[in-house]
Amino acid sequence: MQMEKLELYLSEAKIQEGIKTYAEKINTLYAGKKLYCIGLMNGALFFMGDLLKQLKNYIVVDTMSVSSYEKTNSTNNITIHKDISKDITGQDVLLIEDLIDTGQTLSVVIEKLQAKKPNSLRVVCLADKIEMHPDFKYDYDALFNFPNEFVVGYGFDYDDQYRQLPDVYIFRGE
């Protein structure tokens, strides 16, 4: 791993503080209810794990595996490698995503989940590159706004590298 290519952007402490605050919101909104939590793998793995540990609700956990990137570029080709395995019909669902970049992948996933007729579908992402998706039409919660830079760490990767870093870094080239 070449750390000289990385510029610290968001510390682990700030990430955890944001997650704790958001978890309190979810605990209040869904108090006494069962909540189906669906994570988009592999990027949301760390965020999802840390968020779920903070929830006080009765949760059911599931994952989807979706891809649209090659190295630092979006392919505009969305592939669903693994769909959810639980029935979410009539359920309250929290979709957990790492990053909204172009919004294309998330749009496909949201439409697919809405077709399964949940009672409600709330979307949360750790990070949002809002300037990259001006036409994104869905409601969502974002813990942090990111610049239009390629980031790694805390689940974000470059060609399956750097994902395990506890902080988020701006990636400065190959």
Side-chain angles (χ1 to χ4, degrees), residues 9-10 14-31 33-57 59-69 74-84 86 88-157 163 168:
Y9 181 74
L10 187 62
K14 286 190 181 194
I15 294 167
Q16 295 306 320
E17 181 181 309
I19 290 171
K20 183 178 181 188
T21 300
Y22 188 75
E24 290 168 1
K25 175 181 179 177
I26 294 301
N27 287 331
T28 300
L29 286 171
Y30 296 97
K33 295 182 179 180
K34 184 189 321 183
L35 183 61
Y36 281 66
C37 299
I38 300 171
L40 292 183
M41 298 294 114
N42 290 328
L45 179 66
F46 295 91
F47 174 41
M48 181 178 183
D50 286 345
L51 177 61
L52 295 182
K53 287 186 268 183
Q54 298 285 329
L55 298 182
K56 308 285 188 249
N57 316 73
I59 62 170
V60 177
V61 178
D62 206 344
T63 60
M64 289 182 77
S65 179
V66 182
S67 65
S68 66
Y69 267 81
S74 176
T75 64
N76 293 321
N77 233 355
I78 293 140
T79 305
I80 296 178
H81 303 286
K82 179 204 171 286
D83 200 351
I84 61 172
K86 309 275 195 281
I88 61 169
T89 305
Q91 303 299 326
D92 292 311
V93 175
L94 178 64
L95 177 60
I96 304 167
E97 170 66 307
D98 61 346
L99 174 71
I100 301 179
D101 193 345
T102 65
Q104 293 175 344
T105 301
L106 195 53
S107 292
V108 169
V109 171
I110 289 170
E111 288 171 16
K112 188 164 184 61
L113 292 177
Q114 285 177 333
K116 296 176 187 286
K117 309 268 188 249
N119 178 53
S120 67
L121 177 60
R122 176 175 291 275
V123 178
V124 62
C125 64
L126 177 69
D128 184 14
K129 292 183 181 179
I130 197 161
E131 66 202 46
M132 296 296 296
H133 58 83
D135 300 324
F136 188 71
K137 63 182 179 181
Y138 301 99
D139 289 330
Y140 63 95
D141 297 319
L143 275 60
F144 301 97
N145 290 317
F146 278 18
N148 184 19
E149 299 273 1
F150 196 85
V151 293
V152 297
Y154 197 72
F156 306 114
D157 74 302
R163 195 181 299 275
V168 174

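Everything quoted here is computed from the prediction, not taken from an experiment.
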Looking at every heavy atom in both [X] and [Y], which two are closest together, and how far apart are they?
X: D101; Y: H133; answer: O-CD2, 3.2 Å
X: I96; Y: A44; answer: O-CB, 3.5 Å
X: V168; Y: G153; answer: CG2-O, 4.1 Å
X: I84; Y: M64; answer: CG2-CG, 3.4 Å
X: R122; Y: Y22; answer: CD-OH, 3.4 Å
X: I100; Y: G103; answer: CG2-CA, 4.0 Å

Quick one: pull up [atom1] in [X] and [atom2] in [Y] and give me the separation to the nearest 0.5 Å.
X: Q16; Y: K14; atom1: CD; atom2: NZ; result: 14.0 Å
X: D135; Y: T102; atom1: CG; atom2: OG1; result: 11.0 Å
X: I59; Y: L94; atom1: CD1; atom2: CG; result: 9.5 Å
X: C125; Y: L143; atom1: SG; atom2: CG; result: 7.5 Å
X: L51; Y: L126; atom1: CG; atom2: CG; result: 10.0 Å
X: L106; Y: D98; atom1: CG; atom2: CG; result: 10.0 Å

Hey, can you pull the donor-acceptor pairs under 3.5 Å for the side chains in residues 35-43, sequence neighbours left out?
none

Problem set entry | F47/V124 under side-chain contact (heavy atoms from CB on, under 4.5 Å): CA gap, chis, key distance, verdict | CA-CA 10 Å; F47 174 41; V124 62; 4.0 Å; yes
Contacts of type side chain to side chain contact (heavy atoms under 4.5 Å, CB included), residue [X], not counting sequence neighbours:
X: K56; value: N27
X: E24; value: K20
X: T89; value: D87, K117
X: P147; value: Y9, E149, I170

For this session: Go through the steps to decide whether K129 and L99 satisfy the test side-chain contact (heavy atoms from CB on, under 4.5 Å), and finish with yes or no.
Result: CA-CA 8 Å; K129 292 183 181 179; L99 174 71; 4.0 Å; yes
For this session: State whether the number of non-hydrogen atoms from other residues, nucleotides or ligands found under 6.0 Å of N145 atom CG is greater than 12.
Result: yes
Is the shortest side-chain heavy-atom distance between [X] and [Y] below 4.5 Å?
X: L10; Y: F146; value: yes
X: L45; Y: R163; value: no
X: I110; Y: F136; value: yes

For this session: For this output row, return yes or no: ring centroids of F156 and Y154 closer than 6.0 angstrom.
Result: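 For F156 and Y154, the ring centres are not under 6.0 Å apart.
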Problem set entry | All ring-ring contact (aromatic ring centres under 6.0 Å, His included) counterparts of F144, not counting sequence neighbours | none
Exercise. So does K116 pair up with D83, basic N to acidic O under 4.0 Å?
Worked result: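 Result for this pair is yes, salt bridge flagged.
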Exercise. What's the verdict on side-chain contact (heavy atoms from CB on, under 4.5 Å) for V61 and M48, showing C-alpha distance, side-chain angles and the deciding distance?
Worked result: CA-CA 10 Å; V61 178; M48 181 178 183; 3.4 Å; yes
Exercise. Is there a side-chain hydrogen bond (donor to acceptor under 3.5 Å, both in side chains) between D92 and Y30 once you walk through the steps?
Worked result: CA-CA 9 Å; D92 292 311; Y30 296 97; 5.5 Å; no
For this session: Could you go through the side-chain contact (heavy atoms from CB on, under 4.5 Å) check for K82 and D62 one step at a time?
Result: CA-CA 10 Å; K82 179 204 171 286; D62 206 344; 3.4 Å; yes
